[in-house]
K.L.:
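Dropping the structure in here first, questions after.
Order of the sequence lines sets the chain letters (A, B, ...), proteins ahead of strands, with each chain counted from 1. Remember, predicted model here, so these are calculated numbers, not experimental data.
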Amino acid sequence: MSRPGCDIDARTLLADLTEPQRQAVTHTDGPLLVLAGAGSGKTRVITRRAAYVAATVARPYQVLAITFTNKAANEMRERIVRLGVGPDMTVCTFHSICARLLRIHHDRADLPGNFTIFDQADQRAVVKQALHRCELDKRNWPVWRVLSRISQAKNAMQTPEEFAQQAHYWQDRTLARIYTAYEQILAEQAGLDFDDLLLRLAVLLDRDQELRDRLEDRYRYLLIDEYQDTNDAQYRIAHLLTQRRRNLCVTGDPDQSIYAWRGANITNILRFEKDHPDALVVRLEQNYRSTKRILSAASSLISFNINRKEKTLWTENDEGRSVRTVDCPDATVEANLIAGEIATAVANGREPRDVAVCYRINALSLEIELALQRAGIAYQVARGQEFYGRKEIKDLIAYLRVLVNPADATSLRRIINTPARGIGKTTVAKLDALAESSNAALHDVVMNPTTPKELGRSGSKVADFADLLRSLTPLVDAPAAKALSEVFSRTGLRASLLDHQVVDADPCENVENLIVEARRYDQAEPDGSLLGWLEQVSLVSDIDSLDDTTGAVTLLTLHAAKGLEFPVIYIVGLEDGLLPFRRDEETPSDEEEERRLCFVGMTRAKEELTLTHARFRIRHGRELRTMRSPFLDELPREELEWINAQEDDAAGGGRSRRQGGARSTDFARWRPGTHVHHDEHGIGKIVSIYRGSGQTHAAIQFESGDQQTFILEYADKLTYLEPDEVG
DNA sequence: CTACCGGATTTTTTT
DNA sequence: AATCCGGTAG
């Protein structure tokens with residue numbers, strides 16, 4: 001059964017699969033839908049299937065596998081290679097395959113071959129320019145709101161004209177004008193935003209049958225992961241690429257659809273069977289990841305969604321420890337508690353890499369980070385954008401972008417006076433005016449030898465800048481790392497950074513890291529180019545920055561956690577308005593999607609799961625009283641362990657704030673069997689006690705029948721009863 | 001033109 | 001809290 005280029009025996013690919021898994025793997029031709037519940041071995045199935053297809057009915061390069069993030073793509077490629085399939089299978093994200101195809105077929109797509117990908121910061125700049133052009137005030141037209149409307153329109157595959165046609169209100173008609181200007185500016189600058197990458201390819205495939213056929217001959221088997229999170233353009237692409245052979249395999253889980261806010265259309269996966277009546281549908285409902293208790297808690301939560309295709313996950317795994325909820329007075333205690341528990345676990349042999357802390361919003365990471373620092377625990381935060389978003393990095397990249405794509409006025413504007421070289425706002429405005437009057441690009445005006453004469457005083461500065469750019473031009477063909485380091489020193493960026501010796505930051509070191517990255521790219525991609533490197537950099541995601549080899553605790557958003565798993569998971573901030581998130585009282589949130597998000601987080605856990613909430617939390621600099629998340633009440637109450645980390649909540653609104661919290665360091669006398677008194681629950685007996693670093697957990701059985709766990713350091717309402725006091 | 005200050009405002013999530 | 005913006009002094 002082996003074929004050239006594939007050093008594998010198809011039978012070994014099937015050896016240890018369950019029946020449904022085997023069905024999915026061996027269904028090579030025709031449409032296939034794999035409805036894969038959380039932790040049901042989906043990754044295993046799709047890697048095996050990709051390998052199986054490449055070993056039986058196709059060659060590796062004829063398979064195109066599309067994932068959601070680069071990290072997922074890299075992992076899948078690695079696993080497939082480990083199965084013995086040659087490395088020339090295409091495994092990448094939707095956005096990168098679109099960029100690549102548009103680059104190759106740019107002439108058919110009516111695009112310049114050197115187009116640049118505009119990230120969110122670039123988009124914001126373009127919107128500002130568009131507002132300026134339309135003579136509108138930024139105050140009335142918040143950039144982010146405009147951007148989200150434009151993105152919505154693009155996701156619905158609406159051109160500015162179509163948008164204008166269905167704009168009945170004055171606001172929407174103005175928005176249509178802004179959208180028009182936005183598109184015009186992008187076109188002038190040869191820029192494509194993220195939405196364009198998908199949209200343009202969908203449009204191109206739609207109208208170019210010859211290309212469509214060629215691509216389908218090349219990629220005979222298409223595999224799309226996380227199909228529940230695809231949008232309309234992605235749906236079109238998927239179908240246009242599989243029109244004739246219909247070898248489309250999609251996998252996903254409607255319960256894990258968490259990207260509706262950016263245009264994902266859950267009906268894509270729900271209507272797959274209608275789209276393809278002859279499709280094989282495989283349901284994977286056995287969970288191999290989590291303990292029974294974790295799974296039952298997660299299942300209970302998700303069952304509260306009304307809009308849902310019924311599905312029952314089950315597992316043969318152990319019962320496991322109880323899922324815990326922790327009630328904390330504030331976010332500091334919450335963070336310290338988690339850090340303390342992790343420290344204890346690590347002391348007992350748990351690897352830090354086994355632990356992840358998840359939150360709804362990035363802002364919550366700070367408190368956790370501080371606590372982990374205090375506890376001396378190594379951690380990594382999933383925030384790749386942050387690195388590429390740093391000023392020094394963006395500046396340097398802007399230079400390269402101008403070299404590759406001189407029309408990119410957004411980048412040109414950024415670097416024209418960076419480092420400061422005496423070309424200020426007024427001069428740039430004059431250059432703009434010149435460009436507009438002569439109908440030329442900003443870059444042309446800057447480079448034009450006659451320009452300096454028309455500028456007076458600052459003319460020579462512009463001429464110097466033009467000379468600088470000219471001298472850098474040859475670097476377009478240099479390897480990325482070389483181009484970076486040359487630009488860094490020759491533009492004076494390095495010098496300017498050396499001056500500003502900031503206390504904590506080390507911008508030069510960041511740039512060095514960037515150059516190292518680029519060198520790695522140059523070596524890995526023999527056919528690479530500066531253009532290619534820039535493209536790759538534009539498409540990195542937060543999650544891509546995670547390094548599995550560091551062995552550190554991972555901090556990440558619930559969105560970023562999708563597709564990952566950890567033995568120990570903490571989800572923080574289970575508070576009404578935070579999870580489920582609500583921006584303000586007027587804007588209702590999609591509560592079902594919020595619930596799915598929580599479900600995704602919970603099902604990441606293999607062995608231990610802890611959900612925490614804080615009664616006070618600081619948001620926007622203000623400390624607010626919170627309400628516990630309604631989601632907590634949707635968990636199976638009797639199966640959970642409820643932990644109370646409350647300080648004494650001194651009756652009557654006010655709260656005692658006792659930093660440090662611990663009321664005593666010695667609870668040596670508190671042992672299983674000893675009696676205690678609680679102000680509300682009365683007399684109880686200690687069932688078990690657990691001593692961690694800085695925290696002593698005591699499970700107490702009260703005479704009233706309640707059982708609850710307390711953290712003694714915080715449990716002011718608990719008092720020790722001498723044996724003779726027990727009545 | 002640059003540098004700095006103070007006020008206002010806040011995207012939640014991301015390719 | 002953190003950032004971004006606009007205004008002003010040098």
K.L.:
Let's see if you get this right: which residues in residues 257-267 of chain A place a heavy atom under 4.0 Å from DNA chain B?
P.N.:
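Nucleic-acid contacts, sorted: Tyr259(A), Trp261(A), Arg262(A).
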K.L.:
Holding to side-chain hydrogen bond (donor to acceptor under 3.5 Å, both in side chains), I want the full list of residues that pass it with Asp590(A), two or more places apart in sequence or in another chain.
P.N.:
none
K.L.:
Is Thr93(A) near enough to dT15(B) that one of its side-chain N or O atoms lies under 4.0 angstrom from OP1 or OP2?
P.N.:
no
K.L.:
Do any side-chain atoms of residues 142-149 of chain A form donor-acceptor pairs under 3.5 angstrom with protein atoms, and if so which ones, sequence neighbours left out?
P.N.:
| unit_1 | atom_1 | unit_2 | atom_2 | d |
| --- | --- | --- | --- | --- |
| Ser148(A) | OG | Arg145(A) | O | 3.2 |
| Arg149(A) | NH1 | Asp172(A) | OD1 | 3.3 |
| Arg149(A) | NH2 | Asp172(A) | OD1 | 3.4 |

K.L.:
With sequence neighbours left out, what residues match His239(A) under ring pair (Phe, Tyr, Trp, His ring centres under 6.0 Å)?
P.N.:
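Residues passing ring pair (Phe, Tyr, Trp, His ring centres under 6.0 Å) with His239(A): Tyr235(A), His276(A).
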K.L.:
Check salt bridge (charged side-chain N to carboxylate O under 4.0 Å, His left out) between Lys42(A) and all other residues, then give those that pass, not counting sequence neighbours.
P.N.:
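Salt bridge (charged side-chain N to carboxylate O under 4.0 Å, His left out) list for Lys42(A), sorted by chain: Asp225(A), Glu226(A).
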K.L.:
Can you give me the N/O atom pairs linking the protein to nucleotides 1-3 of chain C at distances under 3.5 Å, or say none if there are none?
P.N.:
| unit_1 | atom_1 | unit_2 | atom_2 | d |
| --- | --- | --- | --- | --- |
| dA1(C) | N6 | His620(A) | O | 3.4 |

K.L.:
Does the side chain of Arg615(A) come within less than 4.5 Å of Pro329(A)'s, by heavy atoms?
P.N.:
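No - every pair of side-chain heavy atoms lies 4.5 Å or more apart.
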K.L.:
Treat primed atoms plus P, OP1 and OP2 as sugar-phosphate and everything else as base, then score nucleotides 5-10 of chain C 5' to 3': B for base contact with protein heavy atoms under 4.0 Å, S for sugar-phosphate contact only, - for none.
P.N.:
SS----
K.L.:
List the residues meeting ring pair (Phe, Tyr, Trp, His ring centres under 6.0 Å) with Phe68(A), not counting sequence neighbours, and say none if there are none.
P.N.:
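Tyr259(A).
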K.L.:
Can you name the salt bridge (charged side-chain N to carboxylate O under 4.0 Å, His left out) partners of Arg628(A), sequence neighbours left out?
P.N.:
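If we apply the salt bridge (charged side-chain N to carboxylate O under 4.0 Å, His left out) test to Arg628(A), skipping adjacent residues, the hits are Asp633(A).
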K.L.:
Does Glu517(A) have any salt bridge (charged side-chain N to carboxylate O under 4.0 Å, His left out) partners at least two apart in sequence or in another chain, and if so, which?
P.N.:
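Only Arg520(A) meet the salt bridge (charged side-chain N to carboxylate O under 4.0 Å, His left out) criterion with Glu517(A).
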K.L.:
Regarding Arg124(A) and the six-membered ring of Phe118(A), is the cationic atom NZ or CZ under 6.0 Å from the ring centre and inside 45° of its axis?
P.N.:
no
K.L.:
Describe the nucleic acid contact of Ser148(A) in one word from base, sugar-phosphate, nothing, applying a heavy-atom distance below 4.0 Å.
P.N.:
nothing
K.L.:
Of the listed nucleotides (dC1(B), dT14(B), dT15(B)), which one gets closest to any side-chain atom of Asn362(A)?
P.N.:
dT14(B)
K.L.:
With rounding to the closest Å, how many angstrom separate the P atoms on dC4(C) and dT13(B)?
P.N.:
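My reading of the P atoms in dC4(C) and dT13(B) gives 14 Å.
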K.L.:
List in chain and number order the residues that pass ring pair (Phe, Tyr, Trp, His ring centres under 6.0 Å) with Tyr359(A), two or more places apart in sequence or in another chain; answer none if no residue qualifies.
P.N.:
none
K.L.:
Does a side-chain N or O of Thr69(A) approach OP1 or OP2 of dT15(B) to a distance below 4.0 Å, or not?
P.N.:
no
K.L.:
With sequence neighbours excluded, what pairs up with Arg413(A) under the salt bridge (charged side-chain N to carboxylate O under 4.0 Å, His left out) test?
P.N.:
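Checked Arg413(A) against salt bridge (charged side-chain N to carboxylate O under 4.0 Å, His left out); matches are Asp432(A).
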K.L.:
What does Asn417(A) touch in the nucleic acid at a heavy-atom separation under 4.0 angstrom: a base, only the sugar-phosphate, or nothing?
P.N.:
sugar-phosphate
K.L.:
dT12(B) base to Arg583(A) side chain: any donor-acceptor pair below 3.5 Å?
P.N.:
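It does not, because no donor-acceptor pair links the side chain of Arg583(A) to the base of dT12(B) below 3.5 Å.
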